[in-house]
Colleague: 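My structure is below; once you've seen it, I'll send some questions.
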2 protein chains.
Amino acid sequence: MNARKTVNLKTLSETLGLSQTTVSRALNGFPEVAEKTRARVIEAAQRLNYRPSPSAASLATGKSRLIGHVVSLSEHIMINPHFADFIAGAGETYAQAGYDILLRLAPLEEQVRIYSNLAQDQRVDGVVVHGPQTSDSRIGILNSLGLPFVVHGRCDEEGSDYSWMDVNNRRAFHRAAKFLLDLGHRRIALVNGLEAMNFAHRRRQGYEIALEEAGIAVDPALLHSEDMVEPYGYRATREMMDLDDPPTAVLVASVLPALGVTRALSDLGLRPGDDVSIIAFDDCLSFLQSGYRGGGREIPYFTAMRSSIREAGKRVAQMLLDRIENPDAPLESELWEADFVIGQTTAPPRRR
Amino acid sequence: MNARKTVNLKTLSETLGLSQTTVSRALNGFPEVAEKTRARVIEAAQRLNYRPSPSAASLATGKSRLIGHVVSLSEHIMINPHFADFIAGAGETYAQAGYDILLRLAPLEEQVRIYSNLAQDQRVDGVVVHGPQTSDSRIGILNSLGLPFVVHGRCDEEGSDYSWMDVNNRRAFHRAAKFLLDLGHRRIALVNGLEAMNFAHRRRQGYEIALEEAGIAVDPALLHSEDMVEPYGYRATREMMDLDDPPTAVLVASVLPALGVTRALSDLGLRPGDDVSIIAFDDCLSFLQSGYRGGGREIPYFTAMRSSIREAGKRVAQMLLDRIENPDAPLESELWEADFVIGQTTAPPRRR
DNA sequence: GCAAAAATCCAAAGCGCTTTGAAAGGCTAC
DNA sequence: GTAGCCTTTCAAAGCGCTTTGGATTTTTGC
């Protein structure tokens with residue numbers, strides 16, 4: 001009825017016959033207000049549908065309750081589809097804590113400037129760094145800006161310390177390669193992500209170490225490094241299967257290009273597993289997932305290294321919120337091991 | 001050197017020997033300031049790296065330069081992957097105009113409340129409505145809140161008027177079904193999206209009208225309606241191919257389930273096109289795209305109805321920004337026609 | 001040359017919140 | 001009863017911007 005004008009602290013406190021100070025403190029849980037008063041205040045606030053203005057609060061406190069995610073469109077002018085799942089996880093955590101996501105698209109080379117601006121403007125309370133390169137200038141800048149941040153992944157830069165959460169990509173790929181080697185494969189291809197990205201770099205290391213341990217030389221013709229999309233897997237596979245000595249197994253950086261790999265094989269009349277083995281890194285992308293959540297009865301399609309990127313989003317978000325709450329706490333980092341699941345796409349190599 | 005404390009309007013105006021008013025107006029392009037003064041002000045602002053505080057500006061003007069996107073996690077607890085591409089388009093438009101995205105995850109049933117809060121808090125200057133249902137309560141609320149918004153899609157609710165941008169889904173599916181009918185198919189399946197969504201509802205209408213025109217009864221056994229993910233296409237296809245009278249062609253709501261359809265066929269030793277025709281709605285998802293941007297030489301894989309969801313994002317964002325600039329302008333709406341492209345997955349039905 | 005109009009610029013009042021520093025009220029202890 | 005100590009509440013000063021309603025200066029018109 002009388003919700004004509006939106007009620008603010010002033011009118012609320014006048015209604016209650018209290019000062020703005022007391023009302024503000026009552027609502028923000030300060031100890032120096034009598035519980036009885038607090039109850040009165042809270043009741044009135046709810047009844048009058050009072051909500052503090054975020055911009056006013058932000059101006060007064062310097063906190064925006066916004067978390068920055070600056071993402072770059074990758075080569076194909078797209079948002080990395082893995083990002084959607086990451087953000088789904090992170091967003092859930094933020095929502096519970098009363099934070100929102102501020103999303104900005106910007107090419108990598110502008111991100112340093114953007115972080116500076118976001119920090120100076122106090123537009124966000126913290127940021128998540130996506131897709132760290134092997135050596136990444138964003139880290140140093142963020143540290144010097146004093147803006148809380150957590151890196152999803154790592155970079156190998158010495159010196160500056162920072163919070164991060166990563167999957168043990170090197171070990172995962174080492175293990176997968178070893179699995180194929182143990183099956184008897186000798187010609188193993190790596191359809192990797194962009195190796196400027198640190199995660200891809202590490203995956204390659206794992207792969208190479210395994211080959212080395214088996215006394216097998218790395219063949220550049222079996223190495224690919226691109227954005228992890230479906231057509232890439234297709235193209236790479238078609239190329240390699242044309243070689244004189246084609247691979248008998250393929251290690252793929254994501255289920256997305258792995259789909260391309262299977263499509264290529266299918267075009268060639270080959271069957272994954274029987275003819276060519278495939279192991280993919282499975283980020284548990286929700287729109288591709290099959291039989292993972294569903295009780296585990298079904299045999300998954302791909303043999304895979306598996307780690308939910310959505311769970312990673314949750315965890316990174318939580319780490320960041322913790323840092324924001326407590327900026328002086330020691331830096332944290334977490335390394336997750338990927339699961340290894342055996343599906344239908346691996347078998348010993350076919351005899352020639 | 002003296003960048004100790006961040007420079008604000010006050011210090012900047014003192015440095016210049018001007019009032020805050022003049023400096024503010026000079027920077028915001030008001031006409032009543034001499035061009036010479038304006039130049040001086042702008043120069044000084046840049047030199048001192050002055051940036052107006054967003055929260056202060058927001059408090060003073062009531063504008064946040066934030067666009068709200070409230071998205072619900074769909075049944076599979078995921079962000080719809082189509083959304084990522086939409087936001088990639090929209091984000092580009094926003095970035096150019098100096099807006100950011102405020103992203104919030106929330107189940108559909110909470111969105112009405114959330115919109116009310118966002119409006120009351122003046123946290124966003126406008127919102128994009130995603131995934132409109134056939135009858136959607138969000139529209140009415142937004143209109144009564146006076147918060148500028150544009151709907152991606154439409155709802156069929158009478159009465160309340162609103163801005164929207166949609167693809168002509170009914171016509172696209174009508175045309176695709178007709179194409180299959182003309183090829184001689186009589187058993188055509190529809191692997192649709194969730195029919196609570198208006199777009200899916202309209203697609204089904206197009207499909208049914210085409211069948212009706214051809215004098216063919218709709219067979220419920222050939223109708224599916226679920227979240228558009230890969231395993232869904234797989235499962236639906238496996239089920240239908242087990243029928244006594246299996247379909248000879250499938251109309252699929254997205255390339256994602258279409259991948260599942262091909263996987264199912266491949267498992268059955270059937271080839272898309274030769275054995276079973278497939279037409280998919282292709283949103284030009286960037287991570288699946290093949291040979292679309294690349295000059296058009298290659299024959300696309302799927303025969304498809306095609307409309308870039310990324311371009312839709314761009315357009316919707318622009319429409320929203322226009323509305324925010326000029327809230328009293330007449331409502332706009334746009335209906336896009338999908339392209340129809342012939343790929344490798346359609347052929348006349350195989351003779352029995 | 002002078003009144004009127006136009007062009008510039010300014011002081012101060014918000015916007016709605018948090019927080020400092022102090023006052024008032026209520027209680028205990030002697 | 002009153003000094004002293006919590007407890008509870010408050011007035012007022014920001015936070016950094018925009019904007020209203022003048023004031024001042026310059027230009028224009030005749």
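Each chain gets a letter, A, B and so on, in the order its sequence line appears, and its residues count up from 1.
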Colleague: Once you round it to whole Å, what is the distance between C1' of C:dA7 and CD of B:Glu35?
Modeller: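 These atoms are roughly 12 Å apart.
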
Colleague: Taking only residues at least two apart or on different chains, which pairs with a member in residues 116-139 of chain A satisfy ring-ring contact (aromatic ring centres under 6.0 Å, His included)?
Modeller: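 Found A:His69-A:His130, A:Phe83-A:His130, A:Phe86-A:His130.
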
Colleague: Grab the CG-P distance between B:Leu9 and C:dC15 for me, whole Å please.
Modeller: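 Atom CG in B:Leu9 sits about 19 Å away from atom P in C:dC15.
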
Colleague: Give every donor-acceptor pair under 3.5 Å between a side-chain atom in residues 319-332 of chain B and any protein atom, sequence neighbours left out.
Modeller:
residue: B:Asp322; atom: OD1; partner: B:Gln318; partner atom: NE2; Å: 3.1
residue: B:Arg323; atom: NH2; partner: B:Pro327; partner atom: O; Å: 3.1

Colleague: For the pair made of CG in B:Leu59 and P in D:dC15, what is the distance, rounded to whole Å?
Modeller: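 Spelled out: CG on B:Leu59 to P on D:dC15 is 14 Å.
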
Colleague: Applying side chain to side chain donor-acceptor pair (under 3.5 Å), can you list everything that pairs with B:Ser19, at least two apart in sequence or on another chain?
Modeller: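 Per chain and number, B:Ser19 pairs via side chain to side chain donor-acceptor pair (under 3.5 Å) with B:Thr22.
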
Colleague: Here's a test of your reading of the structure: between B:Pro31 and B:Gln122, which maps to the more 5' nucleotide of DNA chain C?
Modeller: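 Looking at the nearest nucleotide for each, B:Pro31 comes out on the 5' side.
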
Colleague: Report the residues that fulfil salt bridge (Lys or Arg N to Asp or Glu O under 4.0 Å) with B:Glu14, sequence neighbours left out, ordered by chain and then residue number.
Modeller: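 Once residues adjacent in sequence are excluded, B:Glu14 has no partner under the salt bridge (Lys or Arg N to Asp or Glu O under 4.0 Å) criterion.
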
Colleague: Quick one: closest heavy-atom pair of A:Gly131 and A:Met197, and the distance?
Modeller: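 So the minimum-distance heavy-atom pair works out to O-SD, 3.5 Å.
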
Colleague: Is any side-chain N or O of A:Asn28 closer than 4.0 Å to OP1 or OP2 of C:dT18?
Modeller: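 The answer is yes; a side-chain N or O of A:Asn28 sits under 4.0 Å from OP1 or OP2.
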
Colleague: Distance check needed: C:dG16 P versus A:Leu12 CG, whole Å only.
Modeller: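 Distance check: A:Leu12 CG to C:dG16 P gives 13 Å.
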
Colleague: Whole angstroms only, please: what is the CZ-P distance between B:Arg123 and C:dG16?
Modeller: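 Between P of C:dG16 and CZ of B:Arg123: 17 Å.
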
Colleague: What's the CG-P distance between B:Asp121 and C:dC17, to the nearest Å?
Modeller: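 The distance from CG of B:Asp121 to P of C:dC17 comes to 10 Å, rounded to the nearest Å.
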
Colleague: Among residues 60-68 of chain B, which contact DNA chain C at a heavy-atom distance under 4.0 Å?
Modeller: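 Per residue number, the list reads B:Ala60.
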
Colleague: According to side-chain contact (heavy atoms from CB on, under 4.5 Å), who are the partners of A:Thr11, at least two apart in sequence or on a separate chain?
Modeller: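 Counting only residues at least two positions away or on another chain, A:Thr11 forms a side-chain contact (heavy atoms from CB on, under 4.5 Å) with A:Val7, A:Asn8.
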
Colleague: Got a list of side-chain donor-acceptor pairs under 3.5 Å for residues 28-36 of chain A, not counting sequence neighbours?
Modeller:
residue: A:Asn28; atom: ND2; partner: A:Ser24; partner atom: O; Å: 3.2
residue: A:Glu35; atom: OE1; partner: A:Arg38; partner atom: NE; Å: 3.3
residue: A:Glu35; atom: OE2; partner: A:Arg38; partner atom: NE; Å: 3.2

Colleague: Just the atom pairs and distances: protein N or O near nucleotides 9-11 of chain C's N or O, under 3.5 Å.
Modeller:
residue: C:dC9; atom: OP1; partner: B:Thr37; partner atom: OG1; Å: 3.1
residue: C:dC9; atom: OP2; partner: B:Ala34; partner atom: N; Å: 3.4
residue: C:dC9; atom: OP2; partner: B:Thr37; partner atom: OG1; Å: 3.1
residue: C:dC10; atom: OP2; partner: B:Ser19; partner atom: N; Å: 2.7
residue: C:dC10; atom: OP2; partner: B:Ser19; partner atom: OG; Å: 3.3
residue: C:dC10; atom: OP2; partner: B:Thr22; partner atom: OG1; Å: 3.0
residue: C:dC10; atom: N4; partner: B:Arg25; partner atom: NH1; Å: 3.1
residue: C:dA11; atom: N6; partner: B:Thr21; partner atom: OG1; Å: 2.5

Colleague: To the nearest 10°, let me know how far the axis at one end of the helix from C:dG1-D:dC30 to C:dC30-D:dG1 is tilted from the axis at the other, five pairs an end.
Modeller: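 Result, rounded to 10 degrees: 40°.
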
Colleague: Which residue pairs pass the salt bridge (charged side-chain N to carboxylate O under 4.0 Å, His left out) test with at least one member in residues 48-65 of chain B, sequence neighbours excluded?
Modeller: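 Every salt bridge (charged side-chain N to carboxylate O under 4.0 Å, His left out) pair that includes a residue of residues 48-65 of chain B, provided the two are not neighbours, is A:Asp121-B:Arg51.
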
Colleague: ring-ring contact (aromatic ring centres under 6.0 Å, His included): which pairs involve residues 308-330 of chain A, sequence neighbours left out?
Modeller: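 Not a single pair qualifies under ring-ring contact (aromatic ring centres under 6.0 Å, His included).
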
Colleague: Donor-acceptor check, side chain of A:Asn198 to backbone of A:Arg154, threshold 3.5 angstrom: yes or no?
Modeller: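 A pair under 3.5 Å: yes.
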
Colleague: For residues 98-115 of chain A, which residue pairs qualify under side chain to side chain donor-acceptor pair (under 3.5 Å), counting only residues two or more places apart or in two chains?
Modeller: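 Matches after skipping sequence neighbours: A:Asp100-B:Arg104, A:Asp100-B:Arg123, A:Arg104-B:Asp100, A:Glu110-A:Arg113, A:Gln111-A:Arg138.
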
Colleague: Let me know the distance between NZ of B:Lys10 and P of C:dA12, rounded to the nearest Å.
Modeller: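 In whole Å, C:dA12 P lies 13 Å from B:Lys10 NZ.
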
Colleague: Using whole Å, report how far CZ of B:Arg51 lies from P of D:dC17.
Modeller: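 Atom CZ in B:Arg51 sits about 12 Å away from atom P in D:dC17.
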
Colleague: If you check every side-chain atom of B:Ser53, which of D:dC17, C:dC17, C:dT19 has the closest atom?
Modeller: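 Closest nucleotide among those given: D:dC17.
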
